[in-house]
Every structure is written in structure tokens, then in C-alpha cells.
There are 2 protein chains.
Amino acid sequence: MQNPKELINELLVETFNRILTIEGEALKKVGIKLSMSEIHVLEAVALLPEPSMTAIAQKLGITVGSLTVAINTLFQKGYVRRYPDPLDRRKVLISLEQKAKDVLEVHKAFHKRMIDSIYVDLKLDEDEVLIKTLRNVSEYFKNYPID
Amino acid sequence: MQNPKELINELLVETFNRILTIEGEALKKVGIKLSMSEIHVLEAVALLPEPSMTAIAQKLGITVGSLTVAINTLFQKGYVRRYPDPLDRRKVLISLEQKAKDVLEVHKAFHKRMIDSIYVDLKLDEDEVLIKTLRNVSEYFKNYPID
DNA sequence: ATCAAATTGTTTGAATTTCAAAATGAGTAT
DNA sequence: ATACTCATTTTGAAATTCAAACAATTTGAT
């Protein structure tokens, strides 16, 4: 395991297999009873300029049908509202209730602590290497031929 | 998004949300009809020196009950065998059929391409920064207080 | 203007994954 | 022997997701 490439692979697999579970547990301990899937839906809604069903589903990489089910329960629990796009009444836009915004704050704090941990003994001028690396990975998967 | 920390977070979220799905699609296209969960079970078995049910479940972060269900179907499909530990017959050890080893080769090739993409324009002497970073993240989550 | 095709979303039924709790079987210690 | 612990399986339920069928709206071509 002294080969840098193998080491990097081990660390990636070891770590990212656990992040979602751990983050879920962390939220539960704070008293938030939403799953990570549900959190991600709320997050996507918050980030999109025009959060239509199709746009959200695409950002999450799930089908619109699956998203409909998810939004149904989030609406039931009082986290989101649906309203028709006035310019195109086929579209259904989603908005967040205050309750959802509060949850996203907690989620954001978790991520901040995670990122801070990356910097523990990383010198500031080494940022660029990490960012370049992440860009490479991101690009690699963004252009990956799925179909 | 010019803040390095925010940028890193964006890239992490954007990328790692998609890796599992993409890897699953990649395997499907090669004609492998196992889910990523099933692949991970096989991978854990391959990596552990003494792959007992408890050891595998712990490595994967799932309950032993869940693993039993998974192993049932993997056995049904002819990927694994069960045999009792001769030293402690309470334990059930898992071994891989050739079929499973073949699948893991494909999986390994996918990971190799992924890691190679990281190196696209990374100078070799910058390895250390990336490895240090990943170690930080890995440590952070390894010691994360779940209970 | 009209009609067919494309787009957007919902519903439904099924498959997968996972868990918690109860049950079984094997080892350990008193 | 008896009770206790450990390793695993079984079972029933919940969550997540998909594909396919359906309905409503918009777009574009004639």
C-alpha cells in the first residue's frame, strides 16, 4: 500500500463510504428526523435558481417519479410547498418552508466542520493542489459517458 | 464561490454524490448485473484476512442482519460460499467464487481510471498534499462520535 | 387555428436495501 | 449443569428508487 495511487484509492473508498451514514447519525442526534435523501432534496431546492421538479431531479441524479414521491412526504411533513410556474403551467416549482431552512443551517455547519478538518495541517498555499485534484475528479465524472 | 473552503465543499458534494451511480452504470454496461451494494460486499470479503459475517458487516458499516440478506442473494447467484470457521463454529466465513473475482477485476479497473484522472495535471511531488488531505478527512470520520 | 409531438409531472407496482427485534446455536465460565 | 455471552439467521417493516402508464400543457408545423 505504499504506492501513492493505491493509498489514495484506499482512503477515498474508506472515507466516502461512511460520510453519508455518519452525517445522517449526526443529524438524528440533533433531533432532526429527516433522512439524508430528504436533506439532499432540500439542499438542491435551495441551490437551484428555478427549482422545478425536472431541474431538482436532474441535479440529484434521480428520476422525476422518484422525486415526486420524495416531495410528497416532505410536503406532508411541512418542509416544502408546491406552486405552478406562472410562465409554464406544466412546471411545478418547489419552495422551502422556514422549517427546511433551519435544517439546512445545521447541515451546513456539519459540512463546515468537515472542510475545516481537511485544513488541520494543510498549509494555506497548498489549497491549489487540492482544488486542482477535486476539479479533475469532478470533471472526470461530469463528462463520464453514462448512455 | 471564490473562498477555497466553499469551493472544496461544492466540488466534494457535486462529485461524490454521483460516483456510486456512475460506477453502477459502468458495471451494468459491461454486462455485470450486480448492484454497488453487492460489489462492496465482495470487495470487503476480498480485503479482509478473516471474512466473518461480523467483520464484513463492520467494515461496511451495516448490521449483520442486513449482511445475511445480502450474502443470501450473492450465494443464490453463485458469487460466494459460506463455510464455518474450524476454530470457532459460531463464525461463518465467506469465500469468493471465481465469478466474483472476475467482477472485482473490472471494478478495480474502474477505480484505476478514476485515480489516474486525478493525476492528469498533478505533479508527482504534490502527492503528499493530497494524501495528507485524505488522511485528515479519513481520520475525522473514523473518530467521529456516532453513539 | 389545428393537431401531432414534445415536455412536465404524477401515479402505481415492484425491486432493493436496510434495520430492529426475536430466535437459534455454539462457546465460556462459574 | 447453568447461566451468560457471542455469532448468525430469520422475519416483518420502512425507505428509496425505478420503469411504465397516464394526464396536462406547451410548442411547432402545416
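Naming: A, B, ... by sequence-line order, numbering from 1 per chain. Because the structure is predicted, anything quoted here is derived from the model rather than measured.
- A:L47 and A:I56 are assigned to two separate hydrophobic clusters, defined by single-linkage of ILVMFWY side chains at heavy-atom distances under 4.5 Å.
- Between the C1' atom of C:dT11 and the CZ atom of A:F75 lies a distance of 17 Å, rounded to the nearest Å.
- Nucleotide D:dT8 holds its C1' atom 10 Å from the CD1 atom of B:I94, rounded to whole Å.
- Residues A:L34 and A:L42 meet the side-chain proximity criterion, which asks for heavy atoms closer than 4.5 Å.
- Rounded to an integer number of Å, the gap from CD1 of B:I56 to C1' of C:dT17 is 17 Å.
- With respect to B:K112 and B:D116, a salt bridge is recorded, a charged nitrogen being found less than 4.0 Å from a carboxylate O.
- Between B:H40 and B:L60, the closest heavy-atom pair is O-CD2, 3.6 Å.
- Members clustered with B:L93: B:Y83, by chain and number, using a 4.5 Å side-chain heavy-atom cutoff among hydrophobic residues.
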Exercise for review: Indicate for each nucleotide in nucleotides 24-30 of chain C, in 5' to 3' sequence, whether protein heavy atoms under 4.0 Å reach the base (B), only the sugar-phosphate (S), or nothing (-).
Suggested key: -BBS---
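- The side chain of A:T54 contributes no N or O atom lying less than 4.0 Å from OP1 or OP2 of C:dT7.
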Practice item. I would like to know whether A:D102 and A:Q98 meet side-chain hydrogen bond (donor to acceptor under 3.5 Å, both in side chains); could you show each step before the answer? Key: CA-CA 6 Å; A:D102 296 343; A:Q98 185 56 43; 3.0 Å; yes
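- If you measure from atom CG of B:L34 to atom C1' of C:dA15, you get 15 Å, rounded to the nearest angstrom.
- Judged purely by atom type and a 3.5 angstrom limit, B:E38 uses its side chain to pair as donor or acceptor with the backbone of B:S35.
- The distance from atom NE2 of B:H40 to atom P of C:dT16 is 18 Å, rounded to the nearest whole Å.
- Atoms CD (A:E25) and P (C:dT18) sit 14 Å apart, rounded to a whole Å.
- Scanning all heavy atoms of the two residues, the minimum distance from A:M53 to A:I94 falls at SD-CD1, 3.9 Å.
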Check your understanding: Reading nucleotides 9-23 of chain D from the 5' end, what letters show protein touch, with B for base, S for backbone sugar-phosphate only, - for no heavy atom under 4.0 Å?
Key -> BB-----SBBS----
